[in-house]
Amino acid sequence: MSYENWGPGALSAPGKRALPEVPAERGMVLEDVQSGWVGAVVRIEKSGGMHIVALEDRHGRTKSFRLGFGFLLDGQPVKLLPPAPRAAAGGAPAGRTASGSVRVSGQRAQVAKASRIWVEGKHDAELVEKVWGDDLRVEGIVVEPLHGVDDLKAAIKDFSPGPSRRLGILVDHLVRDSKESRIAAEAMTVPGAAGNVLIVGHPYVDVWQAIRPKTLGIEAWPEIPRGTDWKTGILKAFGWPHATAEDVGLGWQKLLGAVRSYSDLEASLLGRVEEVIDFLTAP
């Protein structure tokens, strides 16, 4: 190609010659003409009212650019567009809730029952609410965050479970021989827990990992080195702000925003939440 005709100035703004318009896609290799940065698209997001594309070079470094003019694709100048909106099929089908249940129309939410679903933290509660919230309101079941399970036994004792006052508890990283498995076993020794408390869990370090990677446009969740705070490491790997608690909260909202329905979550979480709901709503 001739750079006499297509220089940085010509690519940074529309010229008389129309450029091909190409929607940004993950994995697409682009060159930013003004900086010379070459990298694969690893993320497209909206920030400050504009669409931003993040390009990762061959050394794993990431740099963000505004979508539009100024890119080369396969050596040819293009106008980079936002990706096409996700098909409606990515969300709940008509007449169904986000969990896949038949939507109940014309019924007001029930008064909250004494039974509860407990989850470890705020993010767990928000994810359960987003996917199962419609179902839980019909059943009158409230989701409450525990902010950790270290005092689970004492919390169950204070709750005083019984046949009309049941507890379903969702625990992160509930795997054999883990600290969480020992806490759960000890908690079930509380008087009244047997038959009235169900503790289930998923294998993930954090509920973030229960979002299927393809929902986020990635092949797999990044591996975070031992000793590094997991959420901070994830945000850093994504090239997102990660220094403060506010950064973590904003990062989570981006991830949660990608979840449309149960199909965006791993089966290992889906089955456990459904098990808890069945337990709490059984006659």
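Residue numbers count from 1 along this sequence. Values below: all heavy atoms of this structure, side chains included; hydrogens, waters and symmetry mates excluded.
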| message | Counting only heavy atoms from other residues, nucleotides and ligands, does the tally under 6.0 Å from CG of D74 exceed 12? | response | no
| message | Counting neighbours of NZ on K254 that are heavy atoms of other residues, nucleotides or ligands and sit closer than 6.0 Å, is the number greater than 12? | response | yes
For the student: nearest non-hydrogen atoms of [X] and [Y], plus distance:
X: W221; Y: L255; result: CH2-CD1, 4.1 Å
X: L235; Y: D247; result: CD1-O, 3.8 Å
X: L55; Y: F71; result: CD1-CE2, 4.5 Å
X: V22; Y: M28; result: CG1-CE, 3.7 Å
X: W240; Y: G251; result: CZ3-O, 3.6 Å
X: I44; Y: A24; result: CG1-CB, 4.0 Å

Do any N or O atoms from the side chain of [X] and from the backbone of [Y] form a donor-acceptor pair under 3.5 angstrom?
X: R116; Y: E144; result: no
X: D124; Y: G121; result: yes
X: K63; Y: W37; result: no
X: R66; Y: H51; result: no
X: R166; Y: F279; result: yes
X: D229; Y: T232; result: yes
X: T215; Y: I211; result: no
X: K231; Y: V248; result: no

Distance check, rounded to the nearest 0.5 Å: [X] atom [atom1] versus [Y] atom [atom2]?
X: E21; Y: K79; atom1: CD; atom2: NZ; answer: 5.0 Å
X: L136; Y: I277; atom1: CG; atom2: CD1; answer: 4.5 Å
X: E25; Y: L80; atom1: CD; atom2: CG; answer: 10.0 Å
X: S181; Y: E186; atom1: OG; atom2: CD; answer: 12.0 Å
X: N196; Y: S160; atom1: CG; atom2: OG; answer: 11.0 Å
X: H202; Y: L270; atom1: NE2; atom2: CG; answer: 11.5 Å

| field | Evaluation steps, side chain to side chain contact (heavy atoms under 4.5 Å, CB included), between V205 and D172 | value | CA-CA 6 Å; V205 174; D172 296 344; over 6 Å; no
Would a 4.5 Å heavy-atom cut-off, applied to side chains only, mark [X] and [Y] as touching?
X: K130; Y: L256; answer: yes
X: P241; Y: L250; answer: no
X: V259; Y: L265; answer: yes
X: P161; Y: I156; answer: yes
X: P222; Y: K236; answer: no
X: L269; Y: L170; answer: yes
X: V38; Y: L72; answer: no
X: P77; Y: F69; answer: no

Given the rule that I, L, V, M, F, W and Y join up when any side-chain heavy atoms are under 4.5 Å apart, are [X] and [Y] in one cluster?
X: V42; Y: F238; result: no
X: V143; Y: V200; result: yes
X: I117; Y: Y204; result: no
X: V171; Y: V207; result: no
X: V119; Y: V131; result: yes

Using 4.0 Å as the upper bound for N to carboxylate O, is an ion pair formed by [Y] and [X]?
X: R137; Y: E129; answer: yes
X: R182; Y: D177; answer: no
X: R260; Y: D264; answer: no

| message | Assess the residue pair L81 and L67 against the criterion (side chain to side chain contact (heavy atoms under 4.5 Å, CB included)); give the C-alpha distance rounded to whole Å, side-chain angles, the decisive distance to 0.1 Å, and a yes or no. | response | CA-CA 6 Å; L81 302 180; L67 262 66; 5.5 Å; no
| query | I169 pairs by side-chain contact (heavy atoms from CB on, under 4.5 Å) with which of L152, V276, L198? | reply | L152
| message | Going by side-chain contact (heavy atoms from CB on, under 4.5 Å), E120 matches just one of L146, V149, D206. Which one? | response | V149
| task | Check whether the side chains of W230 and Q209 place a donor and an acceptor atom closer than 3.5 Å, and report yes or no. | result | no
| query | What do the steps show when you test V53 against R43 for side chain to side chain contact (heavy atoms under 4.5 Å, CB included), and what is the final call? | reply | CA-CA 6 Å; V53 61; R43 189 172 64 259; over 6 Å; no
| task | Determine which pairs satisfy ring-ring contact (aromatic ring centres under 6.0 Å, His included) with at least one residue from residues 141-166, sequence neighbours left out, and list them in order. | result | W118-F159
| query | Taking the inter-plane angle between the rings of W252 and H123 on a 0 to 90° scale, is it parallel (under 30°), tilted (30 to 60°) or perpendicular (over 60°)? | reply | parallel
| message | Between L19 and V78, does the side chain to side chain contact (heavy atoms under 4.5 Å, CB included) criterion hold? Intermediate values first, please. | response | CA-CA 5 Å; L19 298 183; V78 296; 5.7 Å; no
